[in-house]
There are 2 protein chains.
Amino acid sequence: MLDLLKEEAWDNLSIPLVAERSGVHQATIYRRWGSLSALVDDIVTGRLTAGSPVPDTGTLRGDLEAYAVKVAEDVASPMGMLYVRAAMVGSKGPEGETYLLQRAVQLNAMLERAAARGERPPDLLELMEVVIAPLYYHLIFFNRPVGAEHARMLVDRLLRLAPSPPASGPAAPES
Amino acid sequence: MLDLLKEEAWDNLSIPLVAERSGVHQATIYRRWGSLSALVDDIVTGRLTAGSPVPDTGTLRGDLEAYAVKVAEDVASPMGMLYVRAAMVGSKGPEGETYLLQRAVQLNAMLERAAARGERPPDLLELMEVVIAPLYYHLIFFNRPVGAEHARMLVDRLLRLAPSPPASGPAAPES
DNA sequence: CCCTTAATGCGAATTTCTTCGCTTAAAGAT
DNA sequence: ATCTTTAAGCGAAGAAATTCGCATTAAGGG
């Protein structure tokens, strides 16, 4: 399946194709998965669940850069397209949701570690919007994944957004 | 086709279905488009080309907010998914590219108008990454499009990024 | 008005996908 | 070792989908 995703256009993918390439009988695939989307979902959630732990380098910037570069690589692989497709086709059960939640918890832990060290981390939504979202955007609309330097630039942008202590903000007087 | 996109799951869409719903003969659809992706692409580029001009409100923030809110609405409509699908399936010829380019030119014009007024606009890539990318990200992964206020918040974030003089380098020499 | 061109309707032929019944192989339990 | 259970192989039947040849209609040019 992964091979085919690299070679074939989305349109021509079919279960008979996968069967031929993999050497298993078509009926077997139909019995185990029933549809291409289900197969793709299975691959995705399999990979996702096997996901490595979030980085812990000792600094917020280090953690964020390591994570961003890793996601960028991930998105660049054939898996990137699969994530998007699986999320969109939505034949998925609760698995996808579960994963996202679990991942969110891990990332939150990373941010809280930073806070515990006295750094001022962004919140999770900000991280996703400023760093992760552009990675997928480049993939989808420019069909050209993002390199490590660019990923690090995105982290830099994120950190520039929340750089100052709560008291000495440029505009807001806190009381 | 648009009706079906709202009702049916992606997996069950087929040309015979569209034919039945629309009342035209299957063969006609096959002759004119050849595949579902081509049909979708045609709809997308049709809508896109009919796209309204970029806003011109007199201020950079006003332009950006109007544009962001508009894109957010667009993404929330069934068309949002279509854009993503069309971009990914990639059965598109040069049309899609052409559109993106043309749109980029329009947006650039908007940014240059701001510069001509003495404002300091972000560059195009920044605009796309900070404002547009999150809109699609929410749609795809949270399956929940973004409201107007959130869209305006994204614009605010973008403007907070580029508030300072053009001459000084990025690696701020603090002394 | 007639003629030409291009597009659609129509149904059947063809191809491809999906399911079915059955046989065979592998793994665990007794 | 034998039995049981589960999954896979296999080819054919069934149900899609895509394509084809031909008749019909609509629009524009002479």
Side-chain angles (χ1 to χ4, degrees), chain A residues 1-50 78-79 81-96 98-99, chain B residues 1-50 78-79 81-96 98-99:
Chain A
M1 181 84 228
L2 289 174
D3 286 350
L4 286 176
L5 283 164
K6 286 178 233 158
E7 302 165 20
E8 291 295 323
W10 289 80
D11 282 6
N12 327 333
L13 289 182
S14 68
I15 288 188
L17 245 187
V18 178
E20 188 192 9
R21 176 65 67 95
S22 64
V24 299
H25 196 86
Q26 302 182 354
T28 300
I29 300 181
Y30 280 109
R31 275 189 290 246
R32 279 180 76 92
W33 290 282
S35 76
L36 259 191
S37 324
L39 208 182
V40 170
D41 279 3
D42 195 21
I43 295 174
V44 168
T45 64
R47 290 285 173 118
L48 289 179
T49 311
M79 294 304 294
M81 284 291 197
L82 288 199
Y83 297 160
V84 177
R85 181 199 159 106
M88 288 209 331
V89 168
S91 79
K92 65 180 173 194
E95 308 240 343
T98 301
Y99 168 76
Chain B
M1 182 82 231
L2 289 176
D3 287 350
L4 286 176
L5 282 164
K6 285 177 233 159
E7 302 166 20
E8 292 294 324
W10 287 85
D11 282 7
N12 328 333
L13 290 180
S14 68
I15 288 187
L17 245 188
V18 178
E20 189 193 7
R21 176 65 67 98
S22 64
V24 299
H25 197 87
Q26 302 182 355
T28 302
I29 301 181
Y30 280 110
R31 276 190 288 246
R32 280 180 76 92
W33 289 283
S35 77
L36 258 190
S37 326
L39 208 181
V40 170
D41 279 2
D42 195 20
I43 294 174
V44 169
T45 62
R47 290 286 172 116
L48 289 179
T49 312
M79 293 305 293
M81 285 291 196
L82 288 199
Y83 297 159
V84 176
R85 183 200 158 105
M88 287 209 334
V89 168
S91 80
K92 64 179 174 194
E95 307 240 343
T98 301
Y99 167 75

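When side chains are defined from C-beta on, M79(B) does not count as touching L5(B), because their heavy atoms never get closer than 4.5 Å. Between M1(A) and L39(A), some side-chain heavy-atom pair lies under the 4.5 Å cut-off.
Here the CH2 atom belonging to W10(A) is positioned 10.0 Å from the CG atom belonging to L36(A), to the nearest 0.5 angstrom.
S35(B) approaches D11(A) most closely through the heavy-atom pair OG-OD2, 4.1 Å. In plain terms, the two heavy atoms of P16(A) and Y30(A) that are nearest each other are CD-OH, 3.8 Å. The minimum heavy-atom distance linking L17(A) with L13(A) is given by the pair CD1-CA, 4.3 Å. Contact record, V44(B) with A86(B): CG2-CB, 4.1 Å, taken as the closest heavy-atom pair. Here the closest non-hydrogen pair linking S37(A) and R85(A) is OG-NH2, 3.8 Å.
E20(A) CD: 12 or fewer foreign heavy atoms inside a 6.0 Å radius.
Residue Y30(A) places at least one side-chain N or O under 4.0 Å from the OP1 or OP2 atom of dT18(C).
By the 4.0 Å N-to-carboxylate-O rule, E7(B) lies close enough to R21(B) to be salt-bridged with it.
Of the residues near DNA chain C, R31(A) and I15(A), the one whose nearest nucleotide (by heavy atom distance) lies more toward the 5' end is I15(A).
In 5' to 3' order, the nucleotides of DNA chain D bounding all contacts with chain B (an atom under 4.0 Å from a heavy atom) are dA17(D) to dG21(D).
Rounded to a whole Å, the CZ atom of R32(A) is 18 Å from the P atom of dT18(C).
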Got a list of protein N/O to nucleotides 11-14 of chain C N/O distances below 3.5 Å?
none

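One axis for each end of the helix from dC1(C)-dG30(D) to dT16(C)-dA15(D), each built from five base pairs, and the angle between them comes to 0° at 10° resolution.
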